Each structure stands twice: as structure tokens, then as C-alpha cells.
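Notes to accompany the following structure.
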Amino acid sequence: MFSKGTKRKFSDGDEEISAESLVGARVASSYSLQRQSLLDMSLIKLQLCHMLVEPNLCRSVLIANTVRQIQEEMTHDGSWHMVTEAFCNPGQSPSERLVATEVLCRSREQDAEPKLFSVISYEGCREEEVVADETLCSVSVSDTVSDVCLAGRMGQCWEKSELSGVERDEEALEDSSLGSGEDEEIDTEDEASTKSPKTTGQVFGTFEIKNGSPGPDSALEELFSDVDTSYYDLDTMLTGMQSAPKMGPYDLLDSLAPSHSSPTIVSTPKCRSDLNELDHIMEIIVGS
Amino acid sequence: MGEDSESPKINHSFLRDYVTEADVISTVEFNQTGDLLATGDKGGRVVIFHRETESKIESEELGESGEYNVYSTFQSHEPDFDYLKSLEIEEKINKIRWLPQQNAAHFLLSTNDKTIKLWKVSERDKRPEGYNLKDEEGRIKDISTVTSLQVPVLKPTDLMVEVRPRRIFANGHTYHVNSISVNSDGETYLSADDLRINMWHLDITDRSFNIVDIKPANMEDLTEVITAAEFHPQHCHLFVYSSSKGTLRLCDMRESALCDKHSKIFEEPEDPGNRSFFSEIISSVSDVKFSHSGRYLLTRDYLTVKVWDLNMEKGPVETYQVHEYLRGKLCSLYENDCIFDKFECVWNSTDSVIMTGAYNSFFRMFDRETGRGVTLEAWRESSKPRAVLRTRRVYTGGRRRRGDVGVDSLDFSKKILHMAWHPAENIIAIAATNNLYIFQDRVNAENQ
């Protein structure tokens, strides 16, 4: 489910460690692998929950606090630096990074191949490439210190329910011009692999767009600038917002109401909905 | 409204099992006398059960009190759509609270994520007959045919239960309402969402007072949400609310209009030995209940239930392990989201026993006097009507007994989240997904 490479499932923590390592080092590595795995898991959860309509705020806050905690610890350890270095290699191709497609939704039919992104900001890794989906804000690299980052972005996302649709639309347009779009019909082509200082996007991007948070995009950037989210497929996360990625009906659905999904999805990590939910949504849209 | 739905499988039995039409029960609540039991489900419906009062002699002979039968079913909330935010609003009933009875009718408050409604439940078993101007079918009579006057009389009819919405308290909450609590003054109630608590007057629907607001000026700083809130059972100026960080705050409304500053804060210092990345999540309080006496608070976090004395803020006076064997599995439970399950907890009528739910259809009862806990199961196939519930055990080491369940065989999809205890007797209602179980203490029934 998670990547190959250095990230491992919780239970597979030890496999990479050589037999010659000292027990202490082994335990430490195992712990850090587990911690990394937990961080990955939390980020996926956050991204998923931000794709969904009206996510459970309590759950989101708790997950965000966990991510913050892990980050702080990793910062103190200095191990964050090591992690980011691993991804500074420009030669590393996207295909080497695992895409958590099982967890997240399938990509939209419009996109032929998944696009990946990463956001890193710790020292030593400024120029991380960014590949952004045309519908998402591209990810940025920022010089800012990590501590602020998560906090900054959280604010944007919690704000969502406060803001009006008008603001949302404005923001969407704004964001589109920056290379992010809230829904698939706003297909502003982003210059992929851009290094422009854009906001992280997918996790909070969709969230933000939907709710038109008036905060500066740099807040988003700050938040996720220190988080390595290179394993996640942008498309799938966006489409998760659209519920089940069915072909025909969803094209129609997309054009009518881009950003809602059945409430029953809120509680599941998988963004599929069945035909009943689709009907339900269609009814609402059509106003029957 | 008010129609009686079918009552499946009603037989005169101790253990009842009501299947509420394929919907998951999301709240259970007895009224103040215990004669009425209301359940709310994910489909926005409320089902009210009424306890049949058989003749006293008969019920004492049989060693049982009356049974609960379906009294009324109505659609409380409909799915809604917030067009402004393009968000669906779930119709799931989050909480039901009964008002104290003041006349022949019963009133209850039901809430979904956004809107609270006050419903009036009344019986009608008579109807007037013999109108002068209308005939039996209600058609207006031709006046020229009326030659004499008669006084309409009330004639008995079949019992009809009518449920009507009396108040709709809308647009009070931006976030999801998680609690409602009726004040002891009988006039007001509070509703709490993730970040705010409002106080309403039962007669006024177009405004409410905001009494707690923990929304930070900068949402980036949000790290804590409100998880539950309740008024004190006797003091109408006191209420408590719990947070996702495991703190309880007691607020006195006499101190100021906005109770952001607590009067007391109850917090247990963290155990450094048990610290993990999940410490905060498992410390989040999912439910808080005042004792009937008003002296104690009962809270539920992921692994424990705790009793707090209002006079002591530095820690709980009692802590009971609900399922400590899950501590080693927190990572998997985090992965499958079970760690975010919100279990409720309840007191018995004398505040001597506390009860809460767990997984695998298990629920736990703790006797405060002895400190001992027992595990029971709400599962149709392992208990027959009138059977005495046998205690269950989760195998955590040592000698394995027959019937013990291994931790890895626990079914985490069968969670007992919602439950209620009769206000006066030892009758409990347990919601297990879409089934409602009502258990009664047989021994005590004879003494009532």
C-alpha cells in the first residue's frame, strides 16, 4: 500500500536493516521507519478527509496534531533532513515512487498518467521538482522553517465551512490562474515541473478552493513546504472528492456539481460510492 | 407522522431485538420516567418505544416489568444540501433528549449536524362526534336541514399517536452539532458543535446565545475541538464540555456571558510511560455525563472510562480499563479509523454502576463499589429471549477458558457506541448497529 524504498508498512519495518547493524541502531531505524509510515498514513488520511465533503473536524484535527507531532520529532532528530535528501535526487523518476492508488481513488479519465509532486522545504532541498496536475495547485518549495507550515495550512482548511460560495468561486478563479483549479472543468494547464512558489494544493487545495479561504497561498505553501508528499497521486486525491470515479455519469456530475460526495463516504478511506449514492447526488443536483 | 410501524418479532420476552429497517441506530435515550425510549438512526428517523404497563400483580408474578413496544415512528430530519457550500447535510440523528414532562404530551429534541427540532408527541384516543354544521365525514351540512342543536360528545377511538414538529432551531451552527442538553430550568437547552456552544430558549427559534467559542482567530492555530457538552442536572448555571485533548471544562454562566474562561478545568497529567504518537488521540473524550447526584462526571476516552469528582480537578477519582488489550494495536486501529470511534458512557440510576460499549458487540459494566468490571455481549445469536446474559472475556494471557475471545478475532465492525440506562430501574437499551437490545435485571425486577 505504501511505497517501496525507504518507506515501509508498519509491520515491515525491519526488513531493510542489515544484519550487521547493532541492535540499538536496528531499533532506532525500525522506530524511524514506523514513524515515517505513520506520517505517510496520516497524510493520506488528511488528504482524503479534505477531499470529502464536510469532513469530521475532530478527526482531522487529531490527525493533523499527530502529523505535527511526528514532524517536530523528526525535526529534532535531524532525520527530516535525511528523508528530504533522499528525494533531492533529480534523476529519480516518478515511476519509482509508489502511488497509493488503492487508498485513493482512481484517476480521472481525463488524465492518462498520474502526476506526482513533492513538497519539501527543509534545508538542503530547495529545488525539488514539482509536477502538478492541471487541476491542482502546484507544490512549492519554500525556505520557511517547518514549524509554521502545518499550522498555516490547517487554518485554511478549517476555514472552509465559514466561507461563502461567492468567495469560493473567486478563489477558484484566482487559484486557476495560479495553476490550480477546483474542478475538472477549470482545466488551466499548469506548467508542470514548475518551481514557482505555489501552494501545496492537493490536500488543502481542493479544500481551500471549495471554500474560498481568503488567506494567502503562501500559508498553504508554508504548511506543506516541509512535508514530503511525493508518494501521492494528485489526480486520485482530487477525484476522491468526486466520489466514485465512474465514467459517463461522472462527466455529467463534474460539470454540474464539482465538489461534493455522499456523506457516507466521510467515514471510509475509499472514495467509491455506489450507484445509489450517485442517484442520490443526481437527484439533489436535478432538484427532484 | 405518528403512525405505528410494524413491531417485528414481539413476543413476551426478556431480551428483545428490534430491527429498525436497515438503518444504523445513532442515538438512544430514555425519558425521565423511563416509560418512553427513543432511538434515532442514520436515515433521520426517530422510533419511540413505550413501556406497556401490565397489571402489577401479573408482572410481579412473572418477575418482569412491562415490555417496550413501538409507539411511534417519524421522520425527524431529511437529507439536506447546503447550496452555498456545495455540501450535503446528513440527516443522521446525532442526539435525542427528552424534555421533562409538563402535561399529557411528551416533548423531545432531536438534532442532526445542523438543525435541532422540538417534537411534540401526543396521544389521541377520543374524537368529538355530533357536530351541528358538519356531518360525519366532515362535509358541511346544508343549514336548512338542521332542525335541532346537539352538543358534540367525545367518543373513544383507537389510540393514535401524533408527532408534530413544534420548533425548528436552524442556522445556529457552522460546524457539526455533537451534543444537546436540556437545562434543569426547563426553559433552555444547549447545543454544542466542534467549536461553539449555543444556548437556546425552547420557545425562541430565531436566535441563540453563544456561550462558548473556542474557534481561534487564526484557524491555523486550531488544535482542539469540543467533543461533548452537558448541563448540570440540578444547577442551571453550570455546564461541562469535553475536548479532543482530554480536558473537561466546567463553566458557570453567572460569571460572564461568554464562558470561554472555565471555572474549573479537569485534566489528568499524561503518563510518560505510556506516551506514543497516539496518546493525544486516545485521550480525546468521546462522551461526558454528569452523575444523577450532580457530584461526579463520567467520561469516556478510547481505552478507559473515568469518574471525576467535581471538587477535584487534578485527576479522575476512578479509572476503569475498557479494553486495555487494544493498546498494542493502536496503529492498526488508527489505520482503519477505529481509533476515532466515539463511544458513549452511562450511569445507572443510583450512580453505583457505569456502563460503556466496546467492539465485537461487547459492552462493559463497572461496579463502582467493588471496582470490578464485567463484559457482556449484545448479539442475537448468542442469547435467546429470557436467557440470562453470560459474561464474556477477551483472552489476554494466562489460562484460556472456554468462550474466551482472542484479541485478533474481535470484530471491529460490531461496535456498541450508543446506549441508555433507565432512570430508575435496571433496564438498559443497547444499540448494536441496526439492532436495539433491551436488557433487564431480573433479580431486581421482583423488588420493584
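Below, chains carry the letters A, B, ... as their sequence lines are ordered, and counting in each starts from 1. Worth knowing before you read on, the calculation uses all heavy atoms, side chains too, and leaves out hydrogens, waters and symmetry mates. Since the model is a prediction, treat every value here as computed from it, not as a measurement.
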Contact class of F278(B) relative to chain A, heavy atoms under 4.5 angstrom: side chain
Electrostatic pair R97(B)-E230(B), nearest N-O below 4.0 angstrom: no
Residue part contacting chain A, namely of S284(B), when any heavy atom lies under 4.5 Å: side chain
Region of I339(B) in contact with chain A, defined by heavy-atom distances below 4.5 Å: neither
Side-chain H-bond candidate by donor/acceptor type, S283(B) with E270(B), under 3.5 Å: no
Ion pair check, R249(B) and E224(B), cut-off under 4.0 Å: yes
Check: T227(B)/S242(B) side-chain N/O donor and acceptor closer than 3.5 Å: yes
N178(B)-N94(B) side chain donor-acceptor pair, cut-off 3.5 Å: no
Proximal component of F277(B), with respect to chain A [non-hydrogen, under 4.5 Å]: both
Portion of K92(B) that has a non-hydrogen atom of chain A nearer than 4.5 angstrom: neither
